[in-house]
Amino acid sequence: MYNLHDIVEMKKPHPCGLNRWEIIRLGADIKIKCTGCGRLIMLPRWEFEKKMKKVLETAENN
């Protein structure tokens, strides 16, 4: 599964050329930020789960 501040890969790359996104907000909607250009996108949870390919890095929980 995925948690806050994990880095995920989506099925389609962002127009800036990178396909790495950081999860910024979790809830009914999920906000992700492109690690390349910093663009923020908010998706409904069902759409995010459909478009997410895999978790690349997990965040360290202190």
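These numbers were taken from a predicted model, which means no experiment stands behind them. The figures that follow rest on heavy atoms only: side chains count, while hydrogens, waters and symmetry mates do not.
Counting only residues at least two apart or on different chains, the side-chain hydrogen bond (donor to acceptor under 3.5 Å, both in side chains) pairs with a member in residues 8-20 are Arg20-Glu57.
Arg39 contributes atom CZ, which lies 8.5 Å from atom CH2 of Trp21 (distance to the nearest 0.5 angstrom). Interatomic distance, Met1 CE to Thr58 OG1, rounded to the nearest 0.5 Å: 14.5 Å.
The two residues Arg25 and Leu4 come nearest to each other via the heavy atoms N-CD1, 3.8 Å. Asp6 and Asn3 get closest at one heavy-atom pair: OD2-N, 2.7 Å. Cys34 approaches Cys16 most closely through the heavy-atom pair SG-SG, 3.5 Å.
Both Val8 and Ile41 sit in one connected hydrophobic cluster of ILVMFWY residues. Membership requires side-chain heavy atoms under 4.5 Å apart, directly or through other members. The hydrophobic clustering, which links ILVMFWY residues whose side-chain heavy atoms are closer than 4.5 Å, places Leu40 and Leu43 apart. Follow the hydrophobic side-chain contacts under 4.5 Å out from Ile32 and you never reach Ile7; the two are in separate clusters.
Listed for the Arg45 side chain is no donor-acceptor partner under 3.5 Å among the backbone atoms of Ile30.
Two residues are said to be in side-chain contact when any heavy atoms from C-beta on lie closer than 4.5 Å; Ile23 and Met52 fail this criterion.
For Lys51, the side-chain hydrogen bond (donor to acceptor under 3.5 Å, both in side chains) partners at least two apart in sequence or on another chain are Glu47.
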